[in-house]
Amino acid sequence: MIEVHQSAQVYFKHLLDQQAEGLAIRIVVQRPGTPAASCDLGFVELESVGVDDVVVPLNGFDLYLDAASAPYLEEAEIEFQEETTGGQLVVRAPNIRGREPTPEAPLAERVRFVLDAEINPSVAAHGGRIALVDVDPEGVVVLQFGGGCHGCGMVDVTLKHGVEKTLKERIPEITGVRDVTDHSTGENPYYT
């Protein structure tokens with residue numbers, strides 16, 4: 001499951017000893033299985049711990065994992081690295097962002113992964129996002145642009161030279177990419 005190094009256990013125990021009785025440390029994965037996934041560690045009142053939370057018994061206290069987050073914390077490690085100015089908690093969770101679908105996975109699943117892992121982080125810099133609407137039987141990917149991409153004057157360039165090129169390179173059976181966004185209704189386009 002999750003490995004909590006001795007250094008982190010000592011650190012957590014020290015933190016808990018400074019708090020009022022009845023608190024525990026709980027880990028929740030936010031946006032699991034996506035490139036934006038993050039691990040939140042925080043105090044929680046013992047009475048608020050979920051009945052299905054995974055309990056990890058440690059040296060002198062229990063660590064709680066949100067039940068829905070637990071699969072993403074498989075093979076995770078937590079350690080505390082001491083430094084001259086104090087230290088920092090390091091969480092390594094190789095499964096937090098999910099795993100890349102195999103070549104045998106459904107085409108839509110593979111397209112969604114490339115969108116989430118590679119394309120959306122780039123267009124997010126301009127306040128945009130791209131969602132998969134459909135993949136037709138001929139391998140044409142149908143997309144919906146949103147945010148800063150909705151109504152953007154450069155959307156055709158983004159579609160052809162960015163999105164379509166990347167998708168075809170990563171998933172060779174894609175035959176084309178089509179945008180079904182009504183760009184005339186964009187309220188806050190990045191480029192007008």
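- Tracing side-chain contacts under 4.5 Å through hydrophobic residues (I, L, V, M, F, W, Y), one never reaches F113 starting from L167; they form parts of separate clusters.
- Checking side-chain atoms of S48 against main-chain N and O of V44 turns up no donor-acceptor pair under 3.5 Å.
- Using modelled atom types, one side-chain atom of R110 and one backbone atom of A105 make a donor-acceptor pair closer than 3.5 Å.
- Here the SG-CZ distance, from C149 to R129, works out to 9.0 Å after rounding to the nearest 0.5 Å.
- Residues L73 and V56 fall within the same hydrophobic cluster, defined by Ile, Leu, Val, Met, Phe, Trp and Tyr side chains chained together at heavy-atom separations under 4.5 Å.
- The minimum heavy-atom distance between P101 and E109, with the atom names listed, is CB-OE2, 3.7 Å.
- Judged by distance alone, with hydrogens and angles left aside, the side-chain atoms of Q81 form no donor-acceptor pair with the main-chain N or O of G87 at under 3.5 Å.
- Atom NE2 of H14 sits about 15.5 Å away from atom CD of Q9, to the nearest 0.5 Å.
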**Request:** Could you go through the side chain to side chain contact (heavy atoms under 4.5 Å, CB included) check for C39 and V28 one step at a time?
**Result:** CA-CA 6 Å; C39 218; V28 178; over 6 Å; no
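- Screening I78, D40, V4, V91 against I27 for a side chain to side chain contact (heavy atoms under 4.5 Å, CB included) leaves a single residue, I78.
- Counting heavy atoms of neighbouring residues, nucleotides and ligands inside a 6.0 Å radius, atom CZ of R31 exceeds 12 of them.
- Rounding to the nearest 0.5 Å gives a distance of 10.0 Å between OH of Y72 and CD1 of I96.
- Rounding to the nearest 0.5 angstrom, the gap separating the SG atom in C152 from the CG atom in L159 is 11.5 Å.
- With rounding to the nearest 0.5 Å, the separation of CD1 in I2 from CD in E77 is 9.5 Å.
- Taking a cutoff of 4.0 Å between a charged side-chain nitrogen and a carboxylate oxygen, R92 and E79 qualify as a salt bridge.
- Interatomic distance, CG of L65 versus CD of E74, reported as 9.5 Å (0.5 Å rounding).
- When all heavy atoms of F80 and L89 are compared, the closest pair comes out as CD1-N, 4.0 Å.
- Under the side-chain hydrogen bond (donor to acceptor under 3.5 Å, both in side chains) criterion, the residue pairs touching residues 134-158 are H150-T185, with sequence neighbours excluded.
- Partners of R112 by side chain to side chain contact (heavy atoms under 4.5 Å, CB included), not counting sequence neighbours, listed by chain and number: D116, L132.
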